[in-house]
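Structure, as structure tokens:
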Amino acid sequence: MNTVQARYDFTAIEEKWRTHWLATKTWKVTPDLTRKKYYVLSMFPYPSGRIHMGHVRNYTIGDVIARYRRMRGDNVLHPMGWDAFGLPAENAAIKHHTHPAQWTYENIDYMRIQLQRLGLSYDWDRELATCDASYYRWEQLFFIQMYEKGLAYRKMTTVNWCDPCQTVLANEQVIAGICWRCETQVTPRQMQGWFLKITDYAEELLAGCDQLPGWPEKVLTMQRNWIGKSIGAEIEFRVAGRQSTLRIFTTRPDTIFGATFMSLAPEHPLVTELSKNTDREAEITTFIQRTAAARRQLKPGEEARIEGIFTGGFCLNPFTGAELPIYAANFVLMEYGTGAVMAVPAHDQRDFEFARQYNLPITPVVHPYGEKLDGKTLSAAHEGPGILADSGEFSGLDWKAAQKAITSKAAQKGFGQPKVTYRLRDWGISRQRYWGTPIPIIYCDQCGTQTVPSEQLPVRLPTGVKFKKSGRSPLSALASFGDTTCPTCRGPAQRETDTMDTFMESSWYFARYTCQGSPGCSEASLDQQEAAHWLPVDQYIGGVEHAILHLLYARFYTKVLRDLGYLTIDEPFINLLTQGMVIKDGAKMSKSKGNVVDPHELINKYGADTVRLFSMFAAPPERDLEWNNQGVEGAFRFLSRIHHFVHEQLTPIRHGADHDLPATISGANRTLHRKTHQTISKVTKDLDGAFHFNTAISAVMELVNTLLALNNPEAERKPDPTVNRRAVEAIIALLFPMAPHLCAELWEEIGHDQPLDTLSWPEYDPEALKEDETTVIIQVKGKLRSRLQVAPGTSDKELQKLALADDRVKGFIGAAQVRKIIVVPDKLVNIVI
RNA sequence: GCCCGAAUGGCGGAACUGGUAGACGCAAGGGACUUAAAAUCCCUCGGAGUUCAUCUCUAUGCGAGUUCAAUUCUCGCUUCGGGCACCA
């Protein structure tokens, strides 16, 4: 037997099916109005060179969902492509004296083969690479249209400069002061840059969070916090002895009678203005420079000591006329609100500490219910609710009511209005690097800033470029690229030499997939009918590290494309699954830790099906997955067992197709038949929306265990061939999404001429699920004391009787009086004494 | 500091709507087969006790509470992970 038994030759099986699927374009998809569309998308990879375990996990999850949905009859769009612009290509070019394009396309070719070896069911005809001019030309067009709508603009501002990357970063790409890519600290720098007005969409992006029940709450919370909406009022203070005024933003207008000074950001223009030509000027200039320098040197997570300086100027409280000294304070940010804060030390902890430090008055005006605060003895600011006092006509009002009343009064008198402020700032998209989409702008001394005429698009990246570690963008050093003619006056002009943030490409690729490769899309950015048909993405899968970055940009971009008339949807991704990291020995896999597992080697050793199966089995998808090589062996053993069983029993299993199920199923047949249907039911439930792949696989393992046990050579009566065959068919079909090659092969071998991948998901018979007997547990005072084997549906009365008659139970009740009996049908009897 | 999330055997993880805690897998121990090993198959496997059984006690981070009954609900803590952090 051992000698003739067919080995589980995964290499041959996988090659056979991979070739078949690719050659016949099994996964090519076109719209089909007779079927439900389902768009499943895994975040596309950066072509870094080789796939890693994170990719394997991400793409296997997507593939299992895609294959499952197809078997359920949906018309599934499942595309793949390359997020191909980015710094590593340029850095590699500098290091290896190659060209970023060459490096990138070679990586793509290699990684495509790696993905295909995993048996991922993509429609490869829709493959795209964002570094193709055929892709980025449309991005340039979108940019021009945004510019024309006022959604793209250029300004000089303080930006985040990353020195190793030699470029500017958007706020979202700076995590706690650190560059998201190279993990070094960023420094502020004054620069010209292009920005997209994401702030115009702040309110809609925030409100949209409530319309996304299919997203993890955690991601929505992070987005809400990032947008950071604050409701309050803007109020104008006159500056004493001057024409100028000072605008502040506050969320606590109710405390305005308690304002005792004013805090300004050091960079606030009024600070310089007030101190100009006074004896304080030098001191204040030093302060401004010192705080700016200190902020630059701050380590992430570290807060500077509260520090301030009196500017010499005063402003007037518009309600009381009181003169408030104006301070410059290091904790006030110029970028948020108006860069000026009215300081109410009694009701703001930071102002409180500042007031104590500089001996400024503390005047409580909101007293907690039933309590009276005293500014002299106060140990901390009271930031909570209360009743107003010493606040003129507003005294006696509750704080919330007072906020409204004081804001209205300010508005009525013309020195204030309600105001909503967001923490979110506009998206800076200029990058001082080569390997990105050129920004299609021309600067002309005569005509000013011009967009590149659409017939001249795309603005292609020039190829003859030298890559040096010089620090300057290769584009800005290349006269043949920068020098151009003005589209309006035909005079000499200069091109913009910055390129776009690579998050621009990933902000709309999911829309491009809906028509990529079709003739309608070669001369258009999007085929609007196709986009309307396929979008939104029904299921999106990716790492949680993009909770704010990519996922916020993509939501914004979708709304912009909608408003430009390309899309009809408000949100790009209906359901989002954020998969956990793949870790080894408790830590993220990394070269420096030496705990990297190479998927390619594993596939060579065990086959793609085993690698896929284990990565789905080892942990629920949203949790971190601890990679365990012995666990992989276990997955391999499991698939081998199925393979061996089918081959060993091939003849009887084939014969099982010749007959119907026996009219009455009993004994071992009944056990197996029931288990088969229970497994179909369980796996269906686990794959349908819940994505409990790990328990789905466990369930199939149980069925395999049952099947093998009942067919054990020592078993007295083996199951009927037809019952056996049905179990085998269920195992193959249920496992197909996870281990497609082996299942396709076995399906064919047991005699099906129609391939499994065109077949539908198995149905279960509710009748077959029913147990003949069920175990009812008997508790005495809540403790398990005995068990009863009864027919399901046994009446409460009967169960009570049986329970009380049980010898073991009698012993535990003894002489005690039974006070109460709780019966849960088919489950338990609890006797309370 | 604030906001989320998690905590179950040696390990990864199960447990429907409160109703047999530990499914499934890994590791470990014992056995069969073998000249031997690998592979494969069978048995045991939270802890403690014991009369070795269809036994008892104990056990889901800790402490309370609700309930006939709590891994599950409530409150308070501890630890770990993640996010935000001078945001006015």
Side-chain angles (χ1 to χ4, degrees), chain A residues 2 5 175-177 216-226 228-230 232 248-252 255 263 265 295 298 300-306 329-333 335-344 348-351 353-354 421-424 544-545 547-548 613-614 617-620 622-635 637-638 640-641 644 682 685 692 694-702 704-705 708-709 712-714 775-787 806-808 819-824 826-833:
Chain A
N2 290 341
Q5 192 175 63
I175 320 282
E217 198 52 44
K218 182 182 159 184
V219 174
L220 293 174
T221 304
M222 284 167 70
Q223 293 220 346
R224 288 189 188 104
N225 289 343
W226 187 260
K229 180 180 184 176
S230 292
I248 60 104
F249 171 72
T250 180
T251 54
R252 293 295 304 277
T255 63
S263 308
R295 184 173 297 175
L298 267 192
E302 193 179 52
E303 283 179 16
R305 287 180 312 281
I306 287 179
N330 66 340
F331 59 81
V332 182
L333 305 174
E335 312 87 81
Y336 184 78
T338 60
V341 185
M342 77 172 185
V344 186
D348 180 281
Q349 186 58 27
R350 209 182 31 209
D351 293 344
E353 284 162 26
F354 194 88
T421 300
Y422 299 90
R423 207 187 79 108
L424 180 71
V544 74
E545 66 273 16
I548 316 188
L613 187 78
F614 179 72
F617 175 68
E622 60 284 348
R623 232 187 283 187
D624 283 352
L625 186 160
E626 171 74 34
W627 195 264
N628 177 348
N629 286 331
Q630 284 163 327
V632 181
E633 300 252 7
R637 275 200 292 267
F638 171 66
S640 302
R641 266 202 297 276
H644 288 157
K682 166 74 176 159
K685 213 170 99 199
H692 292 165
N694 55 332
T695 51
I697 294 167
S698 302
V700 180
M701 286 173 168
E702 284 187 53
V704 171
N705 291 346
L708 265 52
N712 183 300
E714 284 150 44
T775 308
V776 170
I777 58 157
I778 311 175
Q779 298 179 332
V780 177
K781 282 205 299 188
K783 288 199 177 185
L784 173 66
R785 294 306 181 192
S786 188
R787 295 178 172 85
D806 187 277
D807 282 343
R808 290 183 35 75
R819 293 196 310 181
K820 197 173 170 187
I821 301 181
I822 287 133
V823 181
V824 181
D826 296 345
K827 278 261 163 67
L828 80 126
V829 178
N830 189 4
I831 299 162
V832 188
I833 53 173

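Please read all numbers here as calculations on a predicted model, not as lab measurements. Chain A is the first sequence line, chain B the second, and so forth, proteins listed ahead of strands; every chain is numbered from 1.
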### Query
Using a cut-off of 4.0 Å on non-hydrogen atoms, how would the nucleic acid contact of A:N712 be classed: base, sugar-phosphate, or nothing?
nothing

### Query
For A:L708 and B:C24, what is the distance between atoms CG and C1' respectively, to the nearest whole Å?
15 Å

### Task
Remember a base hit wins even if backbone is also touched, and classify A:V332 as base, sugar-phosphate or nothing at under 4.0 Å, heavy atoms.
base

### Message
In whole Å, I'd like the distance from the CZ atom of A:R808 to the P atom of B:C55.
### Response
6 Å

### Task
With the side chain of A:K783 defined as its heavy atoms from C-beta on, choose the nearest nucleotide among B:C68, B:U58, B:C57.
B:U58

### Message
Once rounded to the nearest 0.5 Å, what's the spacing between atom CZ of A:F614 and atom CG of A:N694?
### Response
11.5 Å

#### Entry: A:N694 vs B:A14: side-chain N/O to OP1/OP2 distance below 4.0 Å
yes

### Interatomic distance where CD belongs to A:E626 and P belongs to B:G13 [whole Å]
8 Å

### Message
Using O4'-C1'-N9-C4 for purines and O4'-C1'-N1-C2 for pyrimidines, with syn meaning within 90° of 0, is B:G9 syn or anti?
### Response
syn

### Summary
Heavy-atom closest pair (A:A547 atom, A:Q223 atom, distance to 0.1 Å) is O-NE2, 2.8 Å

### Message
Check this one for me: any side-chain N or O of A:T251 less than 4.0 Å away from OP1 or OP2 of B:C87?
### Response
no

### Task
Counting Watson-Crick and G-U wobble pairs only, both distances under 3.5 Å, name the nucleotide matched with B:G10, or none.
B:C26

## Note on the structure
Checking B:C24, B:U54, B:G19 against the side chain of A:Q779 (C-beta onward), the nearest is B:G19

### Summary
Rounded to the nearest 0.5 Å, the CG atom of A:N705 sits from the CE atom of A:M701 at a distance of 8.5 Å

### Task
Provide the distance between the two C1' atoms, one in B:G47 and one in B:A38, to the nearest whole Å.
36 Å

### Query
For B:G81, which nucleotide in any strand shown is its Watson-Crick or wobble partner with both distances under 3.5 Å?
B:C4

#### Entry: Between B:A53 and B:C45 - P atom distance, rounded Å
14 Å

#### Entry: Nearest-nucleotide pick for A:A618, side chain only, options being B:G12, B:G13, B:C57
B:G12

### Message
Using whole Å, what does the distance between atom C1' of nucleotide B:C3 and atom CD1 of A:I548 come to?
### Response
13 Å

### Minimum-distance nucleotide to A:K820 side chain [options: B:C84, B:C68, B:A88]
B:C68

#### Entry: From CE (A:M342) to CG (A:D351), nearest 0.5 Å
9.0 Å

### Query
From A:E353 CD over to A:I306 CD1, what is the distance, rounded to the nearest 0.5 angstrom?
4.5 Å

#### Entry: Selection from B:C24, B:G82, B:C87 that lies nearest to any side-chain heavy atom of A:E702
B:C24

### Query
Can you name the closest pair of heavy atoms from A:V332 and A:S263 and give their distance?
CG2-CB, 3.7 Å

### Task
Give a yes/no answer on whether the side chain of A:R785 brings an N or O atom under 4.0 Å of OP1 or OP2 in B:C57.
yes

### Message
Suppose you measure atom C1' in B:A23 against the same atom in B:C16; what distance do you get, rounded to whole Å?
### Response
14 Å

### Summary
dist A:N830:CG -> A:K781:NZ (nearest 0.5 Å) comes out at 11.0 Å

### Task
Taking only the side-chain heavy atoms of A:N830 (C-beta and beyond), determine which of B:A88, B:U20, B:C68 contains the nearest atom.
B:C68

### Message
Measuring to OP1 and OP2 of B:C26, would you say a side-chain N or O of A:R637 lies under 4.0 angstrom away?
### Response
yes

### Query
Taking OP1 and OP2 of B:G13, is either one under 4.0 Å from a side-chain nitrogen or oxygen of A:N628?
no

### Summary
Quick note, A:I777 side chain, CB onward, closest among B:G83, B:U20, B:A14 is B:U20

### Task
Give the rounded distance in Å between these two atoms: CD of A:E622 and P of B:C4.
20 Å

### A:F249 or A:P620, whichever maps to the more 5' nucleotide of RNA chain B
A:P620

### Task
Would you kindly check whether a donor in the side chain of A:N225 faces an acceptor in the base of B:C84, or vice versa, at under 3.5 angstrom?
no

#### Entry: Gap in Å between the two C1' atoms, one belonging to B:U50 and one to B:U60, rounded
26 Å

### Euclidean distance for P, B:C11 against B:A64 (whole angstrom)
26 Å

### Task
Kindly say if A:R423 contacts the phosphate of B:A88, meaning a side-chain N or O under 4.0 Å from OP1 or OP2.
no

### Query
Does A:R350 place a side-chain N or O at less than 4.0 Å from the phosphate oxygens OP1/OP2 of B:C87?
yes

### Task
Tell me the partner of B:A88, counting only Watson-Crick (N1-N3 plus N6-O4 or O6-N4) or G-U wobble (N1-O2 and O6-N3) with both under 3.5 Å; none if nothing fits.
none

### Query
Taking the side chain of A:T775 as heavy atoms from C-beta outward, which of B:C86, B:U20, B:A23 is closest to it?
B:U20

### Message
Only pairs with both distances under 3.5 Å count, Watson-Crick or wobble alike; so what is the partner of B:C33 in this structure?
### Response
none

#### Entry: Nucleotide B:A53, atom P - distance to CG of A:L784 in whole Å
19 Å

### Pair A:F617 + A:F638: ring centers closer than 6.0 Å
no

### Query
How far, in whole Å, is B:G49 from B:C33 if one measures between their C1' atoms?
38 Å

### Query
With a non-hydrogen cut-off below 4.0 angstrom, is A:V341 in contact with a base, only sugar-phosphate, or nothing?
base

### Query
Can you tell which of B:G19, B:C26, B:C84 lies closest to the side chain of A:I822?
B:G19

### Message
Which heavy atom of A:F249 sits nearest to which heavy atom of A:G337, and what is that distance?
### Response
CB-CA, 4.4 Å

### Complementary nucleotide of B:C75, counting Watson-Crick and G-U pairs under 3.5 Å
B:G63

### Task
Tell me which nucleotide among B:G82, B:G13, B:C26 gets nearest to the side chain of A:R623.
B:G13

### Message
Counting only Watson-Crick pairs (N1-N3 plus N6-O4 or O6-N4) and G-U wobbles (N1-O2, O6-N3), all under 3.5 Å, who is the partner of B:A53?
### Response
none

### Query
Base, sugar-phosphate alone, or nothing: which one does A:D351 contact when heavy atoms must sit under 4.0 Å apart?
nothing

### Task
Provide, to the nearest angstrom, the distance between the CZ atom belonging to A:F354 and the P atom belonging to B:A88.
18 Å

### Query
Looking only at atom C1', what distance separates B:U67 and B:C73, rounded to whole Å?
10 Å

### Query
What is the nucleic acid contact for A:G228, judged by heavy atoms within less than 4.0 Å: base, sugar-phosphate only, or nothing?
nothing

### Task
Sticking with atom C1', work out how far B:U17 lies from B:A69, rounded to a whole angstrom.
15 Å

### Summary
Between A:E633 and A:A709, whichever has its closest RNA chain B nucleotide further toward 5' is A:E633

### Query
At their closest point, which heavy atom of A:D806 faces which heavy atom of A:S786, and how far apart are they?
OD2-OG, 3.1 Å

### Message
If I take atom CZ in residue A:R787 and atom C1' in nucleotide B:G19, what distance separates them, rounded to the nearest angstrom?
### Response
14 Å

